[in-house]
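Worksheet: the structure to be examined is printed underneath.
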Amino acid sequence: YLMLLIIYVSIAWAMSLKYLHPMVAISLIALFPAVKAAAILRNYYNDKEKMVESSKLTIGIQALVGLALIVGVLIAS
C-alpha cells in the first residue's frame, strides 16, 4: 500500500507544481482498482484464480495511468 501511496502522491505533487496538466487527475481514478488488486495479493496469495484477477487489474491500471499521463503531457505542451 505504501508504494501505491507514493505513486499517487508523486502524480498529485507534479500536478500541483504545474509539471503535469490537470487532465492527469484522471489517472487518480485508478487508485480504487489498485487498492483492490493489492488486497487480493495480500489475502489470496495462494489462490491462482484470484492472482489472475489481480494481474488483470494491475495491467488495466498501468494502461489507464499511462494513457492519462501521455494525454496530459501532450495537452500541456
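For this chain, numbers begin at 1 and follow the sequence in order. These numbers come from the heavy atoms of this one structure, side chains and all, not from hydrogens, waters or symmetry mates.
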Please check if Ile61 and Val35 belong to a single hydrophobic cluster, counting links between Ile, Leu, Val, Met, Phe, Trp and Tyr side chain heavy atoms closer than 4.5 Å. yes

Side-chain heavy atoms nearer than 4.5 Å, only ILVMFWY residues, links allowed to pass through others: does that put Val65 and Trp13 together? no

Rounded to the nearest 0.5 Å, what's the gap from CG on Leu2 to CD1 on Ile7? Could you check?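 Reported to 0.5 Å precision, the distance equals 10.0 Å.
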
Taking the side chain as every heavy atom from C-beta outward, state whether Leu41 and Thr58 have any atom pair closer than 4.5 Å.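 The answer is no; the side chains never approach within 4.5 Å.
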
Where do Ile40 and Lys50 come nearest, in terms of heavy atoms and distance?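 What the structure gives for the nearest pair is CG2-O, 3.2 Å.
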
Donor-acceptor pair, side chain of Ser10 and main chain of Ile6, under 3.5 angstrom: yes

Between Ser54 and Met51, is there a donor-acceptor pair closer than 3.5 Å when you use the side chain of the first and the backbone of the second?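 It does not hold such a pair.
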
